[in-house]
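Notes follow once the structure below has been shown.
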Protein chains: 2
Amino acid sequence: MANNSADKRVTLTDVAKLAGVSKQTVSRVINDSEHVTDETRIKVQQCIEVLGFRPSALARQLSSGRSYTIGVVSCGGLGYLVSGVAYVGMVRQADKMGYALLIKELTDFSPGSVRTMLDYLIERQVDGLIWAGPEMGDSHVWLNDFDLDSLPMPMVVVNARQRGKADTVAFDNFEAGRMATQHLLSLGRKRIGHISGPMSRWVAQLRVAGWQKALDEAGLPECKEYYAEGDWEPGTGGPGLRRLLELCPKLDAVFVGSDRMALGVLHEAHRLGLRVPEDLAVIGVDDAPESAFMIPPLSSMTQDTPAMAERALRLLVRRICERRGEPYPALCAQAEDPVMHHQLVLRESTLGKS
Amino acid sequence: MANNSADKRVTLTDVAKLAGVSKQTVSRVINDSEHVTDETRIKVQQCIEVLGFRPSALARQLSSGRSYTIGVVSCGGLGYLVSGVAYVGMVRQADKMGYALLIKELTDFSPGSVRTMLDYLIERQVDGLIWAGPEMGDSHVWLNDFDLDSLPMPMVVVNARQRGKADTVAFDNFEAGRMATQHLLSLGRKRIGHISGPMSRWVAQLRVAGWQKALDEAGLPECKEYYAEGDWEPGTGGPGLRRLLELCPKLDAVFVGSDRMALGVLHEAHRLGLRVPEDLAVIGVDDAPESAFMIPPLSSMTQDTPAMAERALRLLVRRICERRGEPYPALCAQAEDPVMHHQLVLRESTLGKS
DNA sequence: CTGAAAGCGCTTACAG
DNA sequence: CTGAAAGCGCTTACAG
């Protein structure tokens with residue numbers, strides 16, 4: 001194995017010299033160009049071996065204008081679990097298509113720091129941009145102000161409101177809220193409350209709206225009063241449930257904005273001596289790995305976050321290729337629906353023992 | 001706001017031309033060199049504004065040999081949750097010190113793919129390397145084969161076995177296993193079983209060893225028989241517990257390798273009519289956000305993974321600066337202990353109702 | 001304090 | 001199929 005240690009960088013020029021050919025020819029070999037004799041190719045490859053030559057990606061990028069790097073803007077905050085899982089999906093997918101991910105974290109949402117972030121990524125000449133982070137309040141206002149077409153590269157927004165011309169890959173959270181509520185209705189429940197995630201979040205807002213819609217459709221608008229706001233975490237499940245019971249002592253079902261909060265709800269119900277689902281049916285969202293093992297096992301809605309991240313990445317690579325007039329890699333050859341859907345997963349917390 | 005759209009890249013040369021100075025002077029201005037008249041500086045800065053000039057990080061890197069990029073090799077696998085949380089910690093910390101993270105995923109552990117991975121990162125001239133991924137079986141054998149000093153940049157290994165000269169930041173999982181077991185012993189339990197993570201994992205092995213050590217110290221070596229292997233996930237907790245009860249029907253305590261598996265154990269105990277902790281004391285590891293809300297609330301051991309990731313990053317930046325003879329950024333100015341420690345968090349699953 | 005030159009390591013046209 | 005030249009956009013010495 002060659003020894004390209006700290007000594008001195010081996011360059012294409014060195015290889016060319018040793019092989020007795022031009023730099024251009026060496027370049028052709030490392031880029032798998034067809035216009036090279038087998039003889040020449042082999043000779044060059046041997047010299048590459050011998051010298052332990054590794055082309056500098058940096059130099060290549062500078063001269064070719066292509067970086068095979070995708071910039072990821074994340075804003076983790078409390079959503080770190082989801083972000084984390086999503087990261088893994090993105091890394092894998094990027095890798096398969098030959099891209100690396102350059103990850104930067106947005107620490108605040110001022111237009112200034114957004115601008116700085118974008119400039120930084122532009123400076124590094126990323127081929128495309130993934131905007132991955134929860135949409136908090138008006139954090140995406142800049143998307144309106146900005147002329148996205150002025151970005152020198154395509155961008156895909158993940159799990160946030162669709163805006164203007166920016167591509168977006170997101171779950172249909174309105175539908176999720178509606179479906180969860182409809183399930184509770186189908187069980188004959190009439191007093192259905194909701195504990196939502198933080199209302200500054202787009203995702204939480206939509207789930208609330210879906211819940212309300214289902215209630216209206218069922219002719220139970222009064223239930224819309226049975227509402228409490230949480231923060232996605234287990235700790236707000238219990239207080240949320242108590243609040244709901246204050247508002248409606250006869251509450252018979254609750255749709256909880258996340259499985260983690262639902263854990264808190266189950267815990268509190270147990271403490272209060274409420275039987276689940278006999279007295280209170282509970283359904284969450286996420287279908288966390290834990291949910292099947294809660295007491296009782298929790299009904300929920302699957303949400304395949306890694307799949308969303310992967311889909312976003314494939315879409316982005318499509319856009320990158322489109323702009324450059326290059327063919328698509330096989331993985332993103334066909335267009336996919338940018339809207340992701342949840343699916344009901346029913347367990348004891350709504351169905352009871354089977 | 002300047003309009004640097006897809007048109008044409010604005011370069012340092014353009015600025016120099018407009019300002020009527022040399023490129024070198026513009027370079028000085030953007031690098032905050034002191035040897036520039038205020039007058040010149042202001043003039044240049046204005047031209048930069050007007051043209052919307054953004055220096056190319058790529059060009060800078062190529063000519064300066066410094067990329068301010070840290071390569072992260074991850075191998076997610078089932079440990080995605082932990083990896084995800086760790087990612088966020090790393091991204092944040094890197095950002096604060098002016099580095100970006102370039103993330104690559106290792107898909108298999110053959111020496112070849114490890115070599116390819118390292119070459120790739122070297123090609124991209126990352127300033128340093130983080131090896132972040134669970135140590136599976138002999139996956140780190142290459143660390144022995146490789147002469148780490150031949151790497152052109154420093155590397156820090158996260159949460160894996162200490163090897164040779166490579167810096168390592170990791171939890172003391174042996175101590176964790178011992179402490180958890182000692183806690184159960186202190187409650188007067190005499191038949192203490194263990195359900196471990198996959199034994200191909202270094203972390204799991206150490207926790208098992210710590211448990212055994214504590215049993216030996218307590219003069220209860222026979223308990224070492226009460227053992228089952230799981231996979232960290234909730235689904236293996238129940239089967240693990242049943243296995244333990246086969247081996248020792250009078251089992252009175254169990255140390256579970258992860259809180260997620262412990263959830264499965266609690267679920268199964270509930271099903272079997274075993275009271276926790278009266279009949280069976282249960283303690284996990286991780287102190288997951290869910291643990292305080294399990295039924296009953298789970299005793300555990302905190303494990304601050306983001307903190308570990310951040311510490312690893314700080315250490316790496318220290319090493320980078322050392323090699324280059326540069327001063328340390330404030331954040332990593334002082335050396336830190338590379339060994340991280342768990343802490344007991346006691347709840348009802350071992351202590352009972354207070 | 002400022003500038004002209006050379007160079008970082010590759011790729012892109014353009015010839016032959 | 002192969003090569004000599006120019007260029008990607010900066011920075012690093014070296015002069016003045």
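None of the values given here were measured: they were computed from a predicted structure. Proteins come first, then strands; the chains are lettered A, B, ... in the order of their sequence lines, and each starts at number 1.
Atom CZ of A:Arg66 and atom C1' of D:dG9 are 20 Å apart (whole Å). Between A:Asp14 atom CG and C:dC10 atom C1' there is a gap of 13 Å when expressed in whole angstrom units. The nearest whole Å value for the distance from the NZ atom in A:Lys43 to the P atom in D:dC1 is 15 Å. In this structure, B:Leu58 atom CG and D:dT11 atom C1' are separated by 14 Å, rounded to whole Å. Per the geometry, CG belonging to B:Leu62 stands 9 Å off P belonging to C:dC10, to the nearest Å. Going from atom CD of A:Gln61 over to atom P of D:dC10 covers 15 Å, rounded to whole Å. Across the protein-nucleic acid pair, B:His35 atom NE2 and D:dA13 atom C1' stand 14 Å apart, rounded to whole Å. Distance, A:Lys17 NZ to C:dC10 P: 13 Å, rounded to whole Å.
For A:Gln24, counting side-chain heavy atoms from C-beta on, the closest listed nucleotide (D:dG3, C:dG3, C:dC10) is D:dG3. Side-chain proximity of B:Ser64 to C:dG3, D:dG3, D:dT12: nearest is D:dT12. When each of D:dC10, C:dT2, C:dC10 is scored by its nearest atom to the side-chain atoms of B:Arg60, the top-ranked nucleotide is D:dC10. Out of C:dT11, C:dT2, D:dG9, the shortest distance to the side chain of A:Ile30 is found at C:dT11. Side-chain proximity of A:Ser56 to D:dC10, D:dG3, C:dG9: nearest is C:dG9.
Contact check, A:Thr13 against C:dG9: no side-chain N or O comes under 4.0 Å of OP1 or OP2. Listed pair A:Thr25 / D:dG3 meets the phosphate criterion, a side-chain N or O lying under 4.0 Å from OP1 or OP2. Taking side-chain N and O atoms only, B:Thr11 has no distance below 4.0 Å to OP1 or OP2 of D:dG9. Residue B:Ser27 has a polar side-chain atom (N or O) positioned under 4.0 Å from OP1 or OP2 of D:dT11. An OP1 or OP2 oxygen of C:dG9 is reached within less than 4.0 angstrom by no side-chain nitrogen or oxygen of A:Ser63.
For the pairing with B:Leu101, the side chain to side chain contact (heavy atoms under 4.5 Å, CB included) check across B:Ile130, B:Val72, B:Asp95 returns one residue only, B:Val72.
Among all heavy-atom pairs drawn from B:Thr168 and B:Ala160, the shortest one is CG2-O, 3.2 Å. In terms of heavy-atom proximity, B:Ala100 sits nearest to A:Lys104 at CB-CD, 3.9 Å. Of all the heavy atoms in A:Gly71 and A:Leu121, the pair that sits closest is CA-CG, 4.2 Å. Considering all non-hydrogen atoms of both residues, A:Leu316 and A:Gly128 come closest at CD2-C, 3.9 Å.
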> Please, what dot-bracket string fits DNA chain D when only Watson-Crick and G-U pairs with both distances under 3.5 Å count, crossing ones use [ ] and pairs to another strand use |?
Replying inline: |||.||||||||.|||
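Between the CD atom of A:Gln125 and the OG atom of A:Ser64 there is a distance of 8.5 Å, given to the nearest 0.5 Å.
In terms of position along DNA chain D, the nucleotide closest to A:Arg28 lies nearer the 5' end than the nucleotide closest to the other residue of the pair A:Arg28 and A:Gln125. Between B:Lys23 and B:Thr40, the residue whose closest nucleotide on DNA chain C is further toward the 5' end is B:Thr40.
Salt bridge absent: B:Arg92 and B:Glu310 never bring a charged side-chain N and a carboxylate O closer than 4.0 Å.
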> What's the verdict on side-chain hydrogen bond (donor to acceptor under 3.5 Å, both in side chains) for A:Thr69 and B:Arg124, showing C-alpha distance, side-chain angles and the deciding distance?
Replying inline: CA-CA 11 Å; A:Thr69 303; B:Arg124 308 214 36 154; 2.2 Å; yes
